Asker: 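Sending over a structure as structure tokens; questions will come in a sec.
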Amino acid sequence: MKHYLIGDVAKLLPISKDTLRYYDKLGLVSPKKSTQNNYRYYTKEDLLTLTYVLVLKDLELPLEEIKLLICNNSLESFKQLLERQEQIIDLRLAKLQHLKSKLHYFKEDIEKVPQHFRKIDCIMSPSFVYKTLSSEFDPNYSNIMTEMEEAPYIKAPVFSALISKDTFSTNNQFDLLVVSGLADEQRFYHYPKNYSYLKPTLCLRTILTIGETILEEDFELIRNYLEKHELTLNGDILARCIAFEHHDELPVEYYEVFIPIKN
């Protein structure tokens with residue numbers, strides 16, 4: 001019977017000496033000890049087992065599961081293990097797809113900024129749902145964001161603010177801080193009762209930089225546009241924080257502002 005020293009195995013298979021020693025320590029595949037010279041060696045069967053380990057490891061099966069498989073398993077138990085791994089991978093794929101979707105919306109929002117900054121156009125707004133915050137640093141903010149991100153009928157939740165019609169005519173303060181997300185209008189009746197809903201409506205849309213309030217000059221920009229085009233405000237203004245950057249280590253936040261109107 002041919003014997004293989006640890007160095008031989010490392011050359012034959014894509015496994016380092018350190019990894020072979022680690023597998024030995026785990027009891028995964030251990031070399032035998034020669035009674036003639038005390039050298040430790042691997043047999044042909046060990047090499048075959050190591051190739052199985054490589055295949056299973058490539059499927060990202062945990063080493064403890066692999067150890068159980070190569071020690072004692074049937075085809076049925078092997079199949080069941082692979083099915084469990086398949087389910088784990090499906091969950092990971094779903095999470096990655098969700099992450100990709102978030103990246104997509106974030107990138108879209110960033111691309112909007114130079115196109116619409118301090119420019120006003122008239123559009124039909126999307127549907128929105130929102131949930132109220134107690135303050136700018138509401139301790140429930142993260143939980144609300146997670147809840148909305150996991151809801152299949154809500155997309156792109158972001159920190160937002162509402163300005164009422166009455167407030168808009170007198171000052172530039174926010175009336176309500178919220179988390180808002182794009183809503184699936186067809187599933188409106190499935191939303192939890194603790195969400196508020198903004199239906200699609202004709203509105204002016206612009207992008208502004210906003211701190212604690214909207215700058216007075218930006219308020220004047222909106223008021224002048226309304227007056228020039230003989231439009232009146234027709235509901236609460238929604239401002240959604242869609243992007244940010246830093247200038248001289250100071251944050252600058254960009255808000256997409258939706259202003260409902262009627263002729």
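The model shown is predicted, which means the values in this text are computed figures rather than measured ones.
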Asker: Treating Glu65 as the side-chain partner and Leu81 as the backbone partner, does any N or O pair qualify as donor plus acceptor under 3.5 Å?
Answerer: no
Asker: Ile207, Ile163: one ILVMFWY side-chain cluster at the under-4.5 Å cut-off?
Answerer: no
Asker: State whether the side chain of Asp248 and the backbone N or O of Leu250 hold a donor-acceptor pair below 3.5 Å, judged by distance alone.
Answerer: no
Asker: Could you grab the distance from atom CD1 of Ile120 to atom CG of Asn224, nearest 0.5 Å is fine?
Answerer: 9.0 Å
Asker: Is the side chain of Ser160 donor-acceptor paired with the backbone N or O of Val158 at a distance under 3.5 Å, no angle test?
Answerer: yes
Asker: Begin with the C-alpha distance, continue with both residues' side-chain angles, and end with the deciding distance and a verdict on side-chain hydrogen bond (donor to acceptor under 3.5 Å, both in side chains) for Glu245 and Tyr254.
Answerer: CA-CA 8 Å; Glu245 59 186 0; Tyr254 294 93; 2.4 Å; yes
Asker: Test of understanding: clusters of I, L, V, M, F, W, Y form through side-chain heavy atoms closer than 4.5 Å, transitively. Do Leu68 and Val55 belong to the same one?
Answerer: no
Asker: Return the set of residues passing side-chain hydrogen bond (donor to acceptor under 3.5 Å, both in side chains) with Ser101 (not counting sequence neighbours), or none when no residue passes.
Answerer: none
Asker: Please verify the inter-ring angle class for Tyr225 with His229; under 30° counts as parallel, over 60° as perpendicular, anything in between as tilted.
Answerer: parallel
Asker: If the threshold is 4.0 Å, N to carboxylate O, is there a salt bridge linking Lys79 and Glu86?
Answerer: no
Asker: About how many Å separate CG of Leu238 and OG of Ser180, when rounded to the nearest 0.5 Å?
Answerer: 4.5 Å
Asker: Transitively linked via ILVMFWY side-chain contacts under 4.5 Å: Tyr255 with Phe244?
Answerer: no
Asker: Is there a path of hydrophobic side-chain contacts, each under 4.5 Å between heavy atoms of I, L, V, M, F, W or Y residues, that connects Ile259 with Ile242?
Answerer: no
Asker: Between Glu149 and Pro157, what is the shortest heavy-atom contact and its length?
Answerer: CG-CG, 3.5 Å
Asker: Tell me if a side-chain donor or acceptor on Thr132 pairs with a main-chain N or O of Val178 at a distance below 3.5 Å.
Answerer: no
Asker: Which heavy-atom pair separates Asp218 from Arg118 by the least distance, and what is that distance?
Answerer: OD1-NE, 2.6 Å
Asker: Both conditions, 6.0 Å and 45 degrees, for the charged tip of Lys102 above the ring of Tyr105: are they met here?
Answerer: no
Asker: Closer than 3.5 angstrom, by distance alone: can the side chain of Asp175 be matched with the main-chain N or O of Ser164 as a donor-acceptor pair?
Answerer: yes
Asker: What distance separates Lys131 NZ from Met148 CE, expressed to the nearest 0.5 Å?
Answerer: 8.5 Å
Asker: Does the pair Thr43 and Asp46 meet the rule for a side-chain hydrogen bond (donor to acceptor under 3.5 Å, both in side chains), with working shown?
Answerer: CA-CA 5 Å; Thr43 64; Asp46 292 331; 3.2 Å; yes
Asker: Does a side-chain heavy-atom distance below 4.5 Å link Asp58 with Leu54?
Answerer: no
Asker: Nearest heavy-atom pair of Ser135 and Leu177: which atoms, and what distance?
Answerer: C-CD1, 3.7 Å
Asker: Under a 4.5 Å cut-off applied to non-hydrogen side-chain atoms, are His104 and Lys100 in contact?
Answerer: no
Asker: Which distance, rounded to the nearest 0.5 Å, do you find between the CG of Leu50 and the CD1 of Ile70?
Answerer: 8.0 Å
Asker: Nearest heavy-atom pair of Leu182 and Ala156: which atoms, and what distance?
Answerer: CD1-CB, 4.3 Å
Asker: Going from OG on Ser77 to CG on Leu69, what distance comes out if it is rounded to the nearest 0.5 angstrom?
Answerer: 6.0 Å
Asker: Under 4.5 Å between any side-chain heavy atoms of Glu136 and Phe159, yes or no?
Answerer: yes
Asker: Looking only at atom types and distance, does a side-chain atom of Lys67 sit under 3.5 Å from a main-chain N or O of Leu26, one as donor and one as acceptor?
Answerer: yes
Asker: Considering only heavy atoms from C-beta outward, does the side chain of Tyr41 approach that of Pro31 to under 4.5 Å?
Answerer: no
Asker: Looking at Lys32, I want to see if its NZ is surrounded by more than 12 non-hydrogen atoms of other residues, nucleotides or ligands under 6.0 Å.
Answerer: yes
Asker: Establish whether Leu56 and Ile88 are linked, either directly or via other cluster members, by ILVMFWY side-chain heavy-atom contacts under 4.5 Å.
Answerer: no
Asker: Taking atom CD of Glu230 as the centre, does the number of heavy atoms from other residues, nucleotides or ligands within less than 6.0 Å exceed 12?
Answerer: no
Asker: Should we count CG of Leu75 as having more than 12 external heavy atoms under 6.0 Å?
Answerer: no
Asker: Donor-acceptor pair, distance only, cut-off 3.5 Å: does the side chain of Thr51 make one with the backbone of Leu48?
Answerer: yes
Asker: Less than 4.5 Å apart, any side-chain heavy atom of Cys203 and any of Ile123?
Answerer: yes
Asker: Please determine whether a side-chain nitrogen of the Lys or Arg among Asp109 and Lys112 lies less than 4.0 Å from a carboxylate oxygen of the Asp or Glu.
Answerer: yes
Asker: Provide the closest heavy-atom pair for Val29 versus Val53 in the form atom of the first, atom of the second, distance.
Answerer: CG2-CG2, 4.3 Å
Asker: Tell me whether Glu256 contacts the main-chain N or O of Arg205 through its side chain, where contact means a donor paired with an acceptor under 3.5 Å.
Answerer: no
Asker: Within this structure, what is the NZ-CD1 distance for the pair Lys11 and Ile6, rounded to the nearest 0.5 Å?
Answerer: 12.5 Å
Asker: In this structure, are over 12 heavy atoms from other groups packed under 6.0 Å from Glu227 atom CD?
Answerer: no
Asker: Minimum heavy-atom separation for Arg223 and Phe168, please, with both atom names.
Answerer: NH2-O, 2.7 Å
Asker: Would you say that Leu198 contacts Asp236 through its side chain, given a criterion of any heavy-atom pair below 4.5 Å between the two side chains?
Answerer: no
